[in-house]
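Counting from 1, the numbers follow the sequence of the chain as shown.
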Amino acid sequence: MGDFPSYRQLCERTDAPAGSSWGVFGPDDELGTLNHLTPQRVLAATRLPRTGTMINLDLPLDAFDPALIPTRKPPQHHMFANNPYHRDEYVDGFYPQATSQLDGLRHIGHPDFGFYGGADPATFTTDEPTLGISRFAEHGIVGRGVLVDVARYLAAQGTPIDLDSNQAVPIDVVAKAADAQGVELRPGDILMLRFGWVRHHLHERDAAARADAVRAIHCPGIAQRRETVEWLWDNQFAIVAADNFALEAWPPVPDSPYVSEAEQAGRLPRSAHTGLLHRILIPLLGMVIGELWALDELARACAADGVYECLVVAKPLMLVGGAGSPSNAIAIR
């Protein structure tokens, strides 16, 4: 890729939206930051496992009932038999982003600049692959995974995360947590951030509390700040995933700098997405985001032996034109 541009350089662009990576990976790119998974980095990652232990990074498809978002209901799994020694099945109401997931590049656009690379959303049909999750499936996802256990680090500092709030964690805290673990961050990494929210929601809340929580979700995550975006981009991560609702703090902080011009001017009504990093990371930078990953078992293993790197393999669904997919991810240590 030659000299890779820094985020500061992207913000000085005049040939594309300022702060965008459009064209950096090629004029017709549909992979975004997955381009950082070069053959050399993939091959190096395959040498990481030491014990061959495999750890699942996915929650069950029906993990969230009630659904975290009303339009993403748990699937209905039906089984039938054509004879006593046969079983078949089908699934109704399957929402690919209802549980552990990867966001595709057509998932979110920017109100002022549109979708990644300037793609025309009028072409986003279910039989047309542009920016669809099937592009990720065709490419495959294999790389060096690095867990940064933000929850464990902050608890050790005597400042545990408030898991019932939208606590915005500064990105320098993430960097300090990585340093405390003794882990080196490298280009092409699949960065996994553990906040502890999935465990809290599914195992520390009772049914009534879970139902109450989804009426107005509050979830800690990374802060909506320019330095967050700069750090994520300049580290050249292939994927940034977390065990929370949206990777970032939800709802976004009130003073988020990422309110679009259209929203500021009143040309577009504000919504739950106003101020989100999603509108910067996905459509402007092509950054691949993972949400609701199951990271607790991996975190326990990493804490036990002090090794926070592993091989990660993920295979999104070959869903042509899909906006997202279950992550289908596994860590191999």
Side-chain angles (χ1 to χ4, degrees), residues 1-42 102-125 128-143 171 185-191 224-241 247-248 257-262 268 273 276-290 316 320-325:
M1 296 176 196
D3 293 330
F4 194 74
S6 69
Y7 186 66
R8 289 175 182 266
Q9 290 172 315
L10 293 184
C11 289
E12 297 170 356
R13 296 185 70 174
T14 57
D15 60 334
S20 80
S21 68
W22 296 5
V24 168
F25 297 111
D28 301 312
D29 178 59
E30 296 183 54
L31 293 176
T33 55
L34 287 190
N35 283 285
H36 290 310
L37 293 176
T38 63
Q40 295 82 3
R41 290 169 182 163
V42 170
L102 287 168
D103 287 342
L105 294 184
R106 67 162 57 174
H107 175 50
I108 293 285
H110 191 284
D112 297 329
F113 305 112
F115 287 80
Y116 180 66
D120 181 1
T123 67
F124 292 172
T125 59
E128 206 287 321
T130 301
L131 295 191
I133 199 71
S134 56
R135 294 306 198 204
F136 294 177
E138 291 166 350
H139 179 270
I141 297 172
V142 178
I171 203 65
L185 301 175
R186 302 171 188 165
D189 281 351
I190 297 170
L191 179 67
Q224 289 87 13
R225 293 286 181 260
R226 174 181 162 132
E227 52 265 32
T228 303
V229 178
E230 183 171 15
W231 189 83
L232 293 175
W233 175 261
D234 288 351
N235 273 288
Q236 300 181 37
F237 299 122
I239 295 174
V240 183
L247 173 65
E248 56 190 297
Y258 295 119
V259 179
S260 71
E261 291 183 8
L268 182 72
H273 291 173
L276 285 180
L277 288 176
H278 268 59
R279 287 179 167 179
I280 305 300
L281 300 180
I282 295 175
L284 295 188
L285 295 175
M287 193 165 292
V288 182
I289 292 175
V320 174
S325 168

Do Arg225 and Glu248 have side chains that approach each other closer than 4.5 Å (heavy atoms only, starting at C-beta)?
no
If I take atom CZ from residue Phe237 and atom CD1 from residue Ile289, how far apart are they, to the nearest 0.5 angstrom?
13.0 Å
For the backbone of Gly143 and the side chain of Arg41, can you confirm whether one donor and one acceptor N or O come within less than 3.5 Å of each other?
no
Just do the side-chain contact (heavy atoms from CB on, under 4.5 Å) check on His273 and Arg279 with the steps written out, would you?
CA-CA 8 Å; His273 291 173; Arg279 287 179 167 179; 3.6 Å; yes
Tightest non-hydrogen contact, residues Ser134 and Gly321, listed as OG-N, 3.8 Å
pair Arg226-Tyr258: side-chain heavy atoms closer than 4.5 Å:
yes
What closest approach, in Å, do Ser21 and Tyr116 show between heavy atoms, and which atom pair accounts for it?
OG-CE1, 3.7 Å
Is the backbone of Ser20 close enough, under 3.5 Å, to the side chain of Arg13 for a donor and an acceptor to pair up by distance?
yes
Under 3.5 Å: donor-acceptor pair, side chain of Ser325, backbone of Leu102
no
Are His36 and Phe25, when compared by the centres of their aromatic rings, separated by less than 6.0 Å?
yes
Residue pair Leu281 / Asp103, side-chain heavy-atom distance below 4.5 Å
no
Checking the side chain of Asp234 only, and the main-chain atoms of Trp231 only, is there a donor and an acceptor separated by less than 3.5 Å?
no
Is there a donor-acceptor contact under 3.5 Å from the side chain of Trp22 to the main chain of Asp15?
no
Distance from Asn35 atom CG to His139 atom NE2, nearest 0.5 Å?
6.5 Å
Using only atom types and a distance under 3.5 Å, with no angle test, would you say the side chain of Asp120 pairs donor to acceptor with the backbone of Ala122?
yes
Within this structure, what is the CD-CE distance for the pair Gln236 and Met287, rounded to the nearest 0.5 Å?
10.0 Å
Hey, could you give me the CG/OH distance between Leu284 and Tyr7, rounded to the nearest 0.5 Å?
7.5 Å
Report the C-alpha separation of Val288 and Ile141 in whole Å, then their side-chain angles, then the decisive distance to 0.1 Å, and conclude whether the side-chain contact (heavy atoms from CB on, under 4.5 Å) test is met.
CA-CA 11 Å; Val288 182; Ile141 297 172; 5.6 Å; no
Residue pair Gly324 / Ile133: nearest heavy atoms and the distance that separates them
O-CG2, 3.8 Å
Taking atom CD of Glu261 as the centre, does the number of heavy atoms from other residues, nucleotides or ligands within less than 6.0 Å exceed 12?
no
Using side-chain heavy atoms (C-beta onward) and a distance below 4.5 Å, is Leu285 in contact with Thr33?
no
What are the two closest non-hydrogen atoms of Thr125 and Arg106, and how far apart are they?
O-NH1, 3.2 Å
So do the side chains of Thr228 and Leu277 get within less than 4.5 Å of each other, counting heavy atoms only?
yes
Looking at every heavy atom in both Val42 and Val142, which two are closest together, and how far apart are they?
CG2-O, 3.3 Å
Taking the side chain as every heavy atom from C-beta outward, state whether Glu30 and Leu105 have any atom pair closer than 4.5 Å.
no
Is any side-chain heavy atom of Leu247 closer than 4.5 Å to a side-chain heavy atom of Val240?
yes
Donor-acceptor check, side chain of Asp112 to backbone of Ser260, threshold 3.5 angstrom: yes or no?
no
Atom of Ile282, atom of Gly104 and distance for their closest heavy-atom approach:
CG2-O, 3.9 Å
Reported CG-to-CD distance for the pair Leu276 and Gln224, which is rounded to 0.5 angstrom:
6.5 Å
Taking the side chain as every heavy atom from C-beta outward, state whether Ile239 and Phe136 have any pair of such atoms under 4.5 Å apart.
no
